Structures are given as C-alpha cells and as structure tokens.
Amino acid sequence: MKRSHHCGELSLTQVGQTVTLAGWVASRRDHGGVIFIDIRDRYGLTQIVFDSEENAPLHTIADRLRNEYVIAITGTVSVRPEGSENPHLPTGSIEIRANALNLLNEAKPLPFSIEDDVQASESLRLEHRYLDLRRPKMQQLLQLRSQVAHLTRQYFHAQQFIEVETPILTKSTPEGARDYLVPSRVNPGEFFALPQSPQLFKQILMIGGMDRYFQIARCFRDEDLRLDRQPEFTQIDLEMSFVDREDIIQLIEALIRLIFKETKQIDLPNPFPCLSFEEAMGRYGTDKPDRRFDLPIQDLCQFAQTCDFQVFRRVIESGGMVKGLVIPKGAGFTRNRIDNLIETAKEFGAKGLAWIKISEDGKLDSSIAKFFNDEGLRTALPSANPGDLLVFVADQAAIVHQVLGRLRLLLGEELQLLDRTRWEPLWIVDFPMFEYDKANQRHVALHHPFTAPHPKDSSLLDSNPLQAKTLAYDLVLNGFELGGGSIRIHSPRMQEKVFDLLKISKVEAREKFGFLLDALESGAPPHGGIALGLDRLIMLLGQTESIRDTIPFPKTQKAQCLMTHAPSSVTPEQLQELSIRTTAKKPAAAS
RNA sequence: GGGGCCGUCGUUCAGCCAGGUUAGGACGCCAGAUUGUCAAUCUGGAAGUCGCGGGUUCAAAUCCCGUCGGCCCCGCCA
C-alpha cells in the first residue's frame with residue numbers, strides 16, 4: 001500500500017479518484033456510526049471518513065485508532081456534504097471515504113500533543129524532539145532553513161564561487177573563544193580543536209588561488225549560551241580575492257535581499273544603511289543597534305559643560321561625557337517608576353540617573369532643574385517636547401553608552417515603540433583595530449588578528465594603534481549581529497606587526513600561525529570575506545523566539561542535549577586509550 | 001563566576017504571601033453513548049514522591065537552608 005498523494009494536495013480536482021495516503025493520526029472524532037480521522041504528514045491534513053454503513057468491518061478497525069498512530073488508507077476522494085466544508089483547511093472541501101486501512105504503527109499516549117500552539121515546556125519539547133519536529137511550525141522552520149541554504153548555494157555558484165569543505169579536526173589557536181578539544185589517540189597528549197570558524201583555511205584557499213570560496217560551515221565555540229548563541233552553529237562563510245570592502249558589502253546585501261524576497265516576499269532597502277562604529281555607539285550605545293524604533297541617545301556634553309550642575313561639569317572635566325534619552329510622554333511616569341529606572345541604570349553600571357520632566361506647560365520639573373537654564377536645555381535637545389522625560393547619564397564614554405544603550409532597548413520594549421513588522425538591516429564599519437586590555441596590559445583585536453587596517457591608518461599602528469580603524473564590517477538586522485567580516489592582511493610584514501602589537505611572540509606566532517606566515521610570503525593575493533550566522537538569519541526570517549527553534553537538535557543553556565543526554569561520561573578504558581585523566585570532582589559513572 | 005524568573009496528576013496552570021478538612025481546574029488518557037465532526041459533544045472513571053535533600057513546627061506544596069534542572073541577562077563569545 002504505497003501512497004499516491006500526500007496529505008496536503010487533494011482538492012475538488014481529484015474528486016472520484018481512488019487515492020492512498022499515509023501519515024499520522026492528527027485527530028479522531030468518533031460519532032458512533034461515523035469516525036473522522038485527520039491524517040497528517042509534512043504537507044498538510046486530510047479528513048478521512050469511516051462510515052459503518054458503508055464498510056462495517058473497516059469502521060470497527062478504525063475504532064482502535066488513536067492520536068499519532070501511523071496509518072495508510074485507501075479511499076475515494078469525495079466532495080464534502082454541503083455545509084460541512086472546512087474553509088480553514090486547504091483540503092477542506094474534500095474528504096476521503098476509506099475502503100482500506102493499514103495500521104503501520106501504534107503510538108502510546110504522548111507527553112504533549114502535536115499542535116502549533118504547543119503547551120509543553122521547551123525542555124519537554126527538547127527531550128522528545130521527534131514529537132516536537134512533527135509540529136507544522138517546526139517543519140516550516142526547517143524547510144525555511146533548507147530553502148535559504150539552497151538559495152545561498154545557487155547564488156554563489158552562479159557567481160563562480162567554489163564550495164569547499166575545510167577540516168573539522170583542526171588546530172587550536174590562541175585568542176578568540178574557548179576551543180572544543182578532541183584528543184588524538186595516535187598522538188598521546190595532543191589535541192585537535194574544532195574550528196571556531198574556517199578563518200585561516202579560507203585565507204589559505206585564497207593564497208591557493210581558489211579566487212572565490214564559500215561554505216555552509218559548522219562552527220564550534222565553547223562559550224556560554226544565549227537565546228541567539230549555540231555552541232555549535234552554522235555560518236554562511238565566504239572569501240574572495242582582489243576585492244575591496246564595497247564588493248563584499250554589495251555581494252552580501254544582494255544575497256540577503258534575495259533571501260528575504262524569495263522566502264517571505266519582503267523588500268529590504270537597497271542599499272542597506274551604513275553607520276560607523278563610532279556613530280552606532282554614540283547614537284545607540286551598541287555596535288548592533290535595533291533601529292526598528294528611534295529613541296536615539298542625545299549628546300549633552302556642550303550643554304553640561306556650561307551648566308551649573310557640578311556632577312555634570314566634573315565628569316566632563318575629567319574626560320567623561322553626559323548623554324541622555326528623551327522619553328516621549330515620560331513626564332507621566334510616577335516617582336516610583338522613575339526610581340525603578342534609576343535602579344535599573346545602576347544595575348547597568350551607572351552611578352546614577354539624572355532626570356527632568358518637561359511638564360505640559362513646558363516647565364522643567366526636577367530636583368536638579370534649578371541648575372539648568374531652560375533655554376540652554378531646549379537648544380541642546382530640540383527634539384524634547386512638553387510631556388517628555390529626560391534622563392541623563394554622566395560618566396566615562398563606555399559606561400554612558402552601555403547604560404543608555406540598554407535603557408534604550410528596555411524602554412523601546414516597555415513603551416511599545418518597537419514595530420515588529422519592520423526590518424532594519426544596516427552595516428557597521430570603521431571598527432577600531434584594537435581595544436586595550438588593562439588587566440593583561442596589551443592590545444586585543446576587536447575583530448580578529450588578520451583584519452587589515454584602513455590604508456590611511458596603517459601609519460597609526462606605530463604611533464597610536466588605538467586610533468587605527470579597520471576594513472571590517474558587521475551586518476546587523478533588528479538588533480542582532482547577523483555577520484561580520486573584513487579585508488584581510490595580505491602582507492607578511494603587516495601581519496607580523498599586528499601579532500607584535502597583540503603581544504603574540506615571534507615564537508608563538510611561528511608555532512600557531514607559521515603556515516599562514518609562510519603562505520603570506522609566497523604570493524598572497526589581496527583578499528577579504530565575511531561570515532553570516534545562518535541560524536540567526538533563520539531565527540529572524542522565521543520570526544521565532546530563539547536560535548534553538550532553527551536547529552533540529554539544539555543544546556540547552558548548560559550545553560546539553562536533553563534527548564541524547566550528551567555530553568556524558570566515558571569508560572576508563574576509553575580515557576586510557578586517549579591518554580587522558582579527568583580532574584572532575586565527581587565524574588559520573590560511565591554508562 | 002554573578003543576578004533574576006520558574007519547577008504541583010501525562011501536559012498546562014491555581015493553591016504558597018497569611019502553615020491546618022480528602023491538593024483543585026482545564027487539556028490529555030481510559031470506559032460507555034453518539035451518523036457530519038474538524039478545539040466534536042454527553043456521562044462516568046483513573047491519574048500527584050507538590051523537582052530532590054535537610055531544617056523549623058504539634059502540623060510544611062506553603063516558612064528557612066542547601067541542591068538539581070529549565071529559561072532570560074551580566075561576565076564570556078578574536
């Protein structure tokens with residue numbers, strides 16, 4: 001009994017035909033003389049009718065059917081009696097009058113029912129992922145993921161890219177995220193690392209003359225998880241030779257526009273807006289701004305310098321800044337709500353939060369209002385209106401931006417400024433090359449150590465490296481970092497200089513990156529690339545809550561798989577073979 | 001490493017603040033009835049180590065301490 005159609009395709013066109021369907025019992029409605037079964041597969045639902053008057057023995061068998069039994073049925077496609085059509089179902093104008101039933105498998109009562117508005121907790125869903133995956137919502141997400149991967153491959157193949165697989169067992173590198181390590185049995189005491197990204201291999205591929213490489217690449221980072229972060233995730237990864245920043249930006253924009261158009265009929269702007277890192281930090285307090293609502297951070301340094309409020313003036317004089325938010329209609333906040341806002345600001349790292357209400361008649365209402373001159377404030381904040389609440393943070397730039405950036409997001413949510421139908425992609429460029437790590441007294445690469453400095457800034461590497469900007473770019477969508485890349489260093493001397501600034505010794509650089517340095521010495525073309533987070537892209541495109549919904553078998557926040565119970569202990573014999581001894585306090589018994 | 005929320009029949013919630021009858025509802029499950037339902041309906045029934053351990057108390061789902069697990073966030077994620 002082989003199926004002739006799937007469960008979502010029959011309509012009035014096939015009326016009268018004998019068909020066979022196979023799938024799961026999605027619902028059973030027993031009316032005594034007649035039993036209705038909804039049969040479900042990936043493609044949809046079809047109603048089956050078992051009528052005791054038409055076929056009594058079959059009706060008796062159908063009586064045994066329960067939810068999620070796997071069945072195949074043969075019957076005649078029939079028009080539903082007038083008035084009993086179901087307009088909510090694509091197949092709702094027909095039904096199958098069964099004349100044969102094959103019970104392929106039974107199912108015990110399930111821990112949760114298979115429906116889109118799932119009632120079960122996420123941990124239960126993950127434990128029984130095979131049931132969760134039967135939900136249409138999950139099937140749609142995985143289908144979307146497949147569709148995006150397909151479009152991506154088509155797009156790159158059409159543009160002469162070569163899809164290349166790079167090693168999963170590779171070399172541990174300093175810097176970056178923690179590595180997942182894999183012991184080498186044949187090399188006792190030595191370890192492979194799983195790739196955090198194919199970064200070095202794709203550069204080597206360029207030096208190997210591949211010209212245009214892409215890969216849908218699995219990456220691994222042993223860091224703590226978030227709603228948009230999994231320890232293993234997938235990147236759309238690419239690298240190109242003889243290109244500049246704009247080439248890559250245009251190529252990727254067009255791909256993203258194509259994906260949104262093809263899968264969701266969404267038109268994204270052309271070109272995407274672009275902000276410098278400095279502008280993004282200054283206006284939104286973050287390098288991944290969510291621009292689905294406005295509420296920009298306002299600069300009040302000039303005003304603060306000339307006001308009578310000592311707290312502000314002292315911060316400015318010591319090299320800090322004063323910035324704020326204009327909260328629309330915020331003058332209506334109760335004192336209690338403002339106090340909560342102040343508390344939150346302190347949790348975010350502020351020493352305090354100054355505030356001023358502009359009452360409906362335009363008067364300033366605040367305990368610190370007396371320090372300010374109305375007109376000066378109005379000039380400094382032309383966008384502030386009567387009825388608004390102004391809040392200020394005065395501190396060093398990093399703190400000011402962090403606090404106001406997070407307050408902005410919080411208020412955007414609370415005041416429902418966030419328009420969930422909007423799509424706001426943008427590029428962030430001109431990242432600084434380094435941050436200074438005070439604890440370890442050294443520079444740290446903001447992107448990675450292979451990022452080329454902006455040509456006009458390369459001399460700054462000697463004089464003032466912290467001022468140097470790079471040819472890196474991040475793609476941001478709705479407040480999530482979708483991807484990032486850069487034009488790479490292709491000069492061995494520049495690469496050595498950067499390692500030097502990062503305090504990576506010649507010996508260590510040779511040991512860890514010797515192959516790259518050698519490759520750079522042997523005719524490396526100028527090159528650059530980017531990697532996009534496929535899981536995050538699907539999360540946004542599919543408008544789902546977390547990255548876990550886009551991954552068939554994800555890990556929990558403790559990096560465990562609730563279905564397989566990985567990771568787990570192994571036998572002492574396995575460890576011995578690998579020349580490994582664990583120092584864990586209570587190693588669970590191997591099972 | 002730190003902060004917050006959550007954990008009660010198979011599932012999802014109420015009960016906890018203010019300790020005290022037999023821990024309750026809905027969905028699901030089981031049985032019966034039912035020939036036009038699609039959240040089917042009606043009648044009846046079964047189903048709970050209140051996450052786990054300890055403490056306080058005459059008495060703990062409820063209060064206290066610890067612990068385990070899930071989620072969100074900070075740190076971390078070149």
Side-chain angles (χ1 to χ4, degrees), chain A residues 26-40 45-54 56 59 63 66-68 78 80-89 91-92 95 97 107-128 131 173-179 196-197 199-200 219-231 233 344 347-349 402 406 409-410 431 433-435 437 442-451 470 472 481 484 486 498-499 502 504 512-513 531 533 545-546 548 555-558 560 562 565:
Chain A
S27 150
R28 163 176 168 272
R29 298 176 293 278
D30 181 355
H31 287 248
V34 64
I35 297 173
F36 299 99
I37 297 286
D38 287 341
I39 184 171
R40 183 197 68 237
L45 274 184
T46 302
Q47 174 166 288
I48 316 295
V49 187
F50 295 94
D51 194 324
S52 59
E53 282 180 11
E54 244 170 74
H59 176 270
D63 201 45
R66 294 292 181 272
N67 279 344
E68 300 308 312
S78 312
R80 290 201 190 181
E82 205 175 328
S84 67
E85 303 90 352
N86 185 345
H88 306 293
L89 221 54
T91 61
E95 62 194 9
R97 304 197 70 86
K108 54 185 182 186
L110 306 179
F112 58 90
S113 59
I114 311 302
E115 54 196 358
D116 268 347
D117 291 325
V118 69
Q119 299 221 337
S121 66
E122 193 178 5
S123 53
L124 198 71
R125 289 171 49 207
L126 291 178
E127 193 181 330
H128 307 277
L131 298 178
T173 52
E175 317 241 341
R178 292 184 190 89
D179 285 319
Q196 298 177 22
S197 84
Q199 182 59 36
L200 292 169
C219 305
F220 306 86
R221 294 179 189 174
D222 187 4
E223 295 295 345
D224 286 350
L225 288 77
R226 288 284 187 282
L227 125 132
D228 64 343
R229 268 164 43 186
Q230 281 275 305
F233 60 101
T344 307
E347 279 166 31
F348 290 167
Q402 169 171 296
R406 291 182 62 185
L409 287 179
L410 194 78
F431 285 86
M433 187 118 179
F434 305 107
E435 284 175 314
D437 174 1
R442 61 176 202 126
H443 295 93
V444 184
L446 202 74
H447 190 56
H448 59 53
F450 319 108
T451 302
T470 60
E481 184 193 323
S486 62
V498 171
F499 283 155
L502 293 172
I504 298 174
K512 301 292 185 184
F513 305 113
E545 335 270 296
S546 94
R548 293 182 297 277
K555 311 282 186 290
T556 66
Q557 196 159 57
K558 284 203 67 188
Q560 294 174 336
L562 294 181
H565 298 114

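Reminder, nothing fancy here: chain letters follow the sequence lines and each chain counts from 1. Small disclaimer: the values here were computed from a predicted structure and weren't measured.
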Side-chain N or O of [X] versus OP1/OP2 of [N]: is the shortest distance under 4.0 Å?
X	N	result
A:Ser27	B:U37	no
A:Gln230	B:C77	no
A:Gln47	B:U37	no
A:Ser123	B:G69	no
A:Arg226	B:C74	yes
A:Arg229	B:C73	no

Between atom [atom1] in [X] and atom [atom2] in [N], what is the gap in whole Å?
X	N	atom1	atom2	value
A:Gln557	B:G1	CD	P	14 Å
A:Asp179	B:C77	CG	C1'	12 Å
A:Leu225	B:C72	CG	P	9 Å
A:His448	B:C77	NE2	C1'	14 Å
A:Phe348	B:C74	CZ	C1'	10 Å
A:Gln196	B:C77	CD	P	10 Å

When you measure from the side chain of [X], which nucleotide among [options] comes out closest?
X	options	answer
A:Arg80	B:G70, B:C38, B:U12	B:C38
A:Arg66	B:G36, B:A31, B:G69	B:A31
A:Asp224	B:G70, B:C76, B:U37	B:C76
A:Asn67	B:G36, B:C29, B:C71	B:C29
A:Glu223	B:C76, B:U12, B:U37	B:C76
A:Leu124	B:G70, B:U11, B:U37	B:U11
A:Lys558	B:G70, B:C74, B:A40	B:G70

Contacts of A:Asp30 and A:Ser546 projected onto RNA chain B by closest heavy atom; the upstream (5') one is A:Asp30
Starting at the 5' end of RNA chain B and moving along, which residue's nearest nucleotide shows up first, A:Arg29 or A:Glu545? A:Arg29
How far, in whole Å, is B:G15 from B:C9 if one measures between their P atoms? 15 Å
Contact class for [X] (heavy atom, under 4.0 Å): base, sugar-phosphate, or nothing?
X	result
A:Arg548	sugar-phosphate
A:Glu127	nothing
A:Thr451	nothing
A:Glu95	base
A:Glu115	nothing

Can you list the residues that meet the salt bridge (charged side-chain N to carboxylate O under 4.0 Å, His left out) rule with A:Asp30, with sequence neighbours excluded? A:Arg28
When every non-hydrogen atom of A:Ser197 is compared with those of A:Arg221, the smallest separation belongs to CB-NH2, 4.1 Å
Under 3.5 Å, is there a donor-acceptor pair linking the side chains of A:Gln47 and A:Arg29? yes
Between A:Gln230 and A:Leu225, is a side-chain contact (heavy atoms from CB on, under 4.5 Å) present by the stated rule, with each step listed? CA-CA 6 Å; A:Gln230 281 275 305; A:Leu225 288 77; 3.7 Å; yes
Looking at B:U11 and A:Phe112: do their rings stack (centroid distance under 5.5 Å, interplanar angle under 30°)? no
Is there a donor and acceptor pair closer than 3.5 Å between the side chain of A:Arg406 and the base of B:C74? no
Under the salt bridge (charged side-chain N to carboxylate O under 4.0 Å, His left out) definition, can you give me all pairs with a residue in residues 80-89 of chain A, not counting sequence neighbours? none
For the ring pair A:Phe220 and A:Phe233, is the centre-to-centre distance below 6.0 Å? no
Which base, if any, makes a Watson-Crick or G-U wobble pair with B:C5, both distances under 3.5 Å? B:G70
